Number of protein chains: 2
Amino acid sequence: MVNDPMSLSHKFLPDCLEIRVVLFTIHQGHLQVLLVSNQENGWQLPGGKILANLSLEKTAADCVRKITGERQTYLEQLYTYGDVSNDKETRLISIIYFALIPDATIPQTIDGFEHKWFPVSTFPVIEPAQAEVIPYALRRLRYKIEYSAVGFELLPAVFTLTDLQHTYEIILGESLDKRNFRRRILEAGVIEPTSARKQGEGRPAQLFRYRPDAVAEVKARRLFP
Amino acid sequence: MVNDPMSLSHKFLPDCLEIRVVLFTIHQGHLQVLLVSNQENGWQLPGGKILANLSLEKTAADCVRKITGERQTYLEQLYTYGDVSNDKETRLISIIYFALIPDATIPQTIDGFEHKWFPVSTFPVIEPAQAEVIPYALRRLRYKIEYSAVGFELLPAVFTLTDLQHTYEIILGESLDKRNFRRRILEAGVIEPTSARKQGEGRPAQLFRYRPDAVAEVKARRLFP
DNA sequence: GCAAAAGTGTTACAGTTACACCCATGG
DNA sequence: CCATGGGTGTAACTGTAACACTTTTGC
């Protein structure tokens, strides 16, 4: 179903256009962003050329799929950069997407390039336009988590309320009240209990799943403080 | 300062790229969007080719300036469309901006093309991607007016509180309480009274101006109901 | 039986909404 | 003096934030 980007039969659009993806996950208790090492140019956002026969969104989705395997991901367009280069003769237009995936191990190298997670607070020096877009993506994520259901995209299919609360706390960078959090998330009706429980230290926790039939944009303006 | 797009010395980027602008104003008590008639293709969003030596934002700003004269405008990037055309061989990528101007008369024809305002609720049939982006721009405007100060961009330099309230009402499509509106807008500290008053029927009204030093994003999450 | 994490309601407070009358001017 | 639009404060209500103890399991 997905076209192979390497197939000879596909035309590329001019070199002045590319897709980049700001890919977030929660890993080791921190929100992290994926960067790719391209020897001569240092670290960069993952991305690639735009194929003439593939929509922008599909191109970005393929880019993420290549990194994560066949996993479904949350994806939205973030911004299009098109700064004029110094020589005033060439320019590169980058259409930047924003993606979220649950914590997962990813291959260390893909197509010979090193891939690595970096905490959003401390990522290495990268191209200025790309460095600028990461905090913007984070702002959008923080903003969005309050009035929509994107938080679930960072969790596995089933999760405990405590897991979910931790996710929110990591993204928002503040701690939340357990009782208020639970009341609101349950009242919003976006998750439902499964029959399973999670065993571990202490009392076993009810496992929940996201209700895919729930409206994408939660009615409440602000789901969490 | 602004480069003449017709100058021969400027290179164009490939034909697959264009800028389009969703330009709103409030005119005759309605929120209206500007469309340009291009004989064979019918009505379209104003826009044009992207010049190699001009940033995307400047290109969009020039496009608006050509329509409105030298007036300063509010401008922000909205979305990039890049749908694949039916023949799977060509495609057009449109970087779409969103602009606001105060009510003003604009030339009926520019460069030989007819320009016309259409109420956002009843605009003619246009290209599907463009038709889709207008309601999106409206949603963004409605959303944004509640937590930022974009409302002022649709008004002249000085205005009465009643003018301002009408602007909000037209955009939001609902009527607002006069006392609550005034209290909030004044508490937000984004406008200040001028020494002038507006004469007319009834009691003269205090004229206000936007405080350009006010923070762009008002602290309050939600400025108006 | 104790350590560890899960689960559960109520009260105080703050922000929002609803609402009606007097004021200044022009004709 | 009347018609027109401008300008002003308070009380009820609704939603939000703060807060501590009991329950279930494994060891």
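Just so we're on the same page: letters track the sequence lines, and every chain starts at 1. All figures in this text were calculated on a predicted structure; none of them were measured in a lab.
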S.K.: Please list each protein N or O that sits under 3.5 Å from an N or O in nucleotides 23-27 of chain C, with the distance.
M.R.:
{"from": "C/dC23", "atom 1": "O2", "to": "B/R203", "atom 2": "NH1", "distance (Å)": "3.2"}
{"from": "C/dA24", "atom 1": "O4'", "to": "B/R203", "atom 2": "NE", "distance (Å)": "3.4"}

S.K.: Heavy atoms only, 4.0 Å cut-off, all strands: where does B/T160 land among base, sugar-phosphate and nothing?
M.R.: nothing
S.K.: Please work out whether the ring planes of B/F98 and B/F24 are parallel, tilted or perpendicular, with thresholds of 30° and 60°.
M.R.: perpendicular
S.K.: Measure from the side chain of B/Q206, starting at C-beta and using heavy atoms only, and say which of D/dC19, C/dC19, D/dG7 lies closest.
M.R.: D/dG7
S.K.: At their closest point, which heavy atom of B/L17 faces which heavy atom of A/L17, and how far apart are they?
M.R.: CD2-CD2, 4.2 Å
S.K.: To the nearest angstrom, how far is B/E187 atom CD from C/dA14 atom C1'?
M.R.: 13 Å
S.K.: Can you figure out which of D/dG6, C/dG9, D/dG9 approaches the side chain of A/R179 most closely?
M.R.: C/dG9
S.K.: Regarding A/Q32 and A/T25, do their side chains bring together a donor and an acceptor under 3.5 Å, going by distance alone?
M.R.: no
S.K.: Give the nucleotide from the list D/dT8, D/dG9, C/dG7 with an atom nearest to the side chain of B/K178.
M.R.: D/dT8
S.K.: Just how far, in rounded Å, is P of D/dG6 from CZ of B/F208?
M.R.: 12 Å
S.K.: Measure from the side chain of A/R183, starting at C-beta and using heavy atoms only, and say which of C/dG7, D/dA17, C/dC19 lies closest.
M.R.: D/dA17
S.K.: How long is the line joining CD of B/E174 and C1' of C/dT17, in whole Å?
M.R.: 13 Å
S.K.: Whole Å only: how far is the CG atom of A/L207 from the P atom of C/dG7?
M.R.: 9 Å
S.K.: Report the distance from atom CZ of A/R182 to atom P of C/dA6, rounded to the nearest whole Å.
M.R.: 7 Å
S.K.: Any Lys/Arg nitrogen of B/K116 or B/E114 sitting under 4.0 Å from an Asp/Glu carboxylate oxygen of the other?
M.R.: no
S.K.: Can you tell me how far C1' of D/dG9 sits from CG of B/L186, to the nearest Å?
M.R.: 14 Å
S.K.: In whole Å, I'd like the distance from the CD atom of B/Q165 to the P atom of D/dG5.
M.R.: 14 Å
S.K.: Could you tell me which residues satisfy side chain to side chain contact (heavy atoms under 4.5 Å, CB included) with A/P193, sequence neighbours excluded, listed by chain and number?
M.R.: A/Q206, A/F208
S.K.: Can you name the closest pair of heavy atoms from B/L75 and B/A99 and give their distance?
M.R.: CD1-CB, 3.6 Å
S.K.: CG of B/L164 versus P of D/dG6: gap in Å, rounded?
M.R.: 13 Å
S.K.: What about B/W43 and B/F123, are their ring centers closer than 6.0 Å?
M.R.: no
